[in-house]
**Q** 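Just passing along the structure, written as structure tokens.
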Amino acid sequence: MTANAFPPPKMGEPYLLTPGPLTTAYEVKQAMLKDWGSWDDDFRAMTRDMRHRLLALLGEGSEHYDCVPMQGSGSFCVEAMLGTFVPRDGKVLVLANGAYGLRAATTMDYLGRAKTLLDKGDYLPPRGDEVARILADDPAITHVLAIHCETSSGILNPIEEISEATYAAGRKLLIDSMSAFGAVPLEPTKIRFEAFVSSANKCIEGVPGFGFVIAKKALLESSKGNSHSLALDVHAQWANMEKTGQWRYTPPTHVVAAFIEALKLHEAEGGVAARGARYARNRDVMVAGMRGLGFETLLEARWLSPIIVTFFCPADPKFVFSTFYDLMKQKGFIIYPGKLTVVDSFRIGVIGRMDEHVMARVVEAAREALAEMGVDSAAPPAAALEERKKLAA
Ligand SMILES: *Cc1c(COP(=O)(O)O)cnc(C)c1O
């Protein structure tokens, strides 16, 4: 891949170093310059093509799964998946280590269905042995919900060991792979799961407007009548799509058109492996450069996802995050505030239509911004490094 395979966003837009919405290819934006009739054969064919392309990303064993797109943002899909696949008398073990795990737990409360929450705090990973212990102690639990990449810290959770512990105990795994699918492999021959969700505006690099549920066909067939919600009933959406080729209610036609273009670019790049490799290079170049300026990552290398990275704010009192943000924006980069409760932090996303040459410029922009603020060293406060030791322990 040559450097100019990733031209800067047109019309002077900054790069979005955020985990979706993110910087999309010009071709993706251009695909929206046309109107489609939602009932028309052309659009039905687009929906069919999109579902097939998404399923193909699972690799071997994909024939046992089907793909059901759902209108709305990613959280709508999480709610739809939980409401449709967890029976009303089911009980879910929600594994949380950040905002998205906690949101899934809140969703269970709204659904009025039973749950147990394993809350590991800001970023510690839920481990297989913990899951095994909780499942052994509570036979009422029917399902486990895991977050693949917890985007609030950027940790890549140990989904393999969570899956093994879940099925060893005879329970079922549901995955929020929102910010991982498309760049991190999720193959049914390697990781056992019943269903997962992702959305248009993350690693496939589409624009926001819908998400999709990928679930075992047998599960889709058996989940009629479970849902608490008309609009969020995955079974009803699937049954209607199978019968008529149409979405039940107004589909985001332009977003689907853009997403198909994004899927073609994903395929042309070399699929999940190549997308993941580009993001990993983005991360490695960016993290090495930021470390060179004195910044420290929250997570040790083994937990760093190729999606988004959390950095501690520097200890130097001249560092003010809002000023740093504004300076980075002036230099063409939108960064992301942190979500840690204990120490100040910020995040830099490495997904979207950009490569390591762009990431090198991000580091250069950060160096200039620090100099303009009069910050000599970006080293974090001692308390931040103490916090990080917990993870190593
Ligand atoms: C983006 C994301 C979601 C969904 O968020 P929306 O704002 O509803 O699109 C859910 N889980 C994770 C892990 C995410 O990264």
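In each ligand, atom 1 is the first atom listed, and ligand 1 is the first ligand listed.
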**Q** Could you check whether any side-chain N or O of R361 sits under 3.5 Å from a backbone N or O of G332, counting only pairs where one atom can act as donor and the other as acceptor?
**A** no
**Q** I'd like to check whether S73 has a polar contact with ligand 1, where a contact means an N/O of the residue lying under 3.5 Å from an N/O of the ligand.
**A** yes
**Q** Decide if the gap between the ring center of F193 and the ring center of Y65 is smaller than 6.0 angstrom.
**A** yes
**Q** Could you tell me whether E160 and K190 have a side-chain N and a carboxylate O separated by less than 4.0 Å?
**A** no
**Q** Tell me the protein heavy atom at minimum distance from atom 11 (N) of ligand 1, and give that distance in Å.
**A** D176 OD2, 2.6 Å
**Q** May I ask which of G72, G20, S75, S199 has a heavy atom nearer to atom 4 (C) of ligand 1 than the others do?
**A** S75
**Q** Should you measure from each heavy atom of S179, which atoms of ligand 1 turn up under 4.0 Å away?
**A** 15 (O)
**Q** Look at D66 together with K216 and state whether they make a salt bridge at an N to O cut-off of under 4.0 Å.
**A** no
**Q** Would you say the rings of F259 and F210 are close, in the sense that their centroids are separated by under 6.0 Å?
**A** yes
**Q** Answer with yes or no after comparing the ring centroid distance for F196 and F181 against a 6.0 Å cut-off, counting only values under it.
**A** yes
**Q** Using distance alone, decide if ligand 1 has a nitrogen or oxygen within less than 3.5 Å of any nitrogen or oxygen in M178.
**A** no
**Q** With a 4.0 Å cut-off on heavy atoms, is K202 touching ligand 1?
**A** yes
**Q** Is a salt bridge present between K217 and E194, judged by a nitrogen-to-oxygen distance below 4.0 Å?
**A** no
**Q** Name the closest protein heavy atom to atom 9 (O) of ligand 1, giving the residue it belongs to and the distance to 0.1 Å.
**A** G74 N, 3.0 Å
**Q** Does ligand 1 have an atom that lies less than 4.0 angstrom from a heavy atom of V78?
**A** no
**Q** Could you tell me the residue and atom name of the protein heavy atom closest to atom 15 (O) of ligand 1, and the distance to it rounded to 0.1 Å?
**A** T151 OG1, 2.4 Å
**Q** Output yes when the distance from some N or O of ligand 1 to some N or O of N201 is under 3.5 Å, and no in every other case.
**A** no
**Q** Strictly under 6.0 Å, is that where the ring centroids of F295 and F312 end up?
**A** no
**Q** Within less than 4.0 angstrom of ligand 1, does R103 place any heavy atom?
**A** yes
**Q** Please verify whether a non-hydrogen atom of C149 lies at under 4.0 Å from ligand 1.
**A** yes
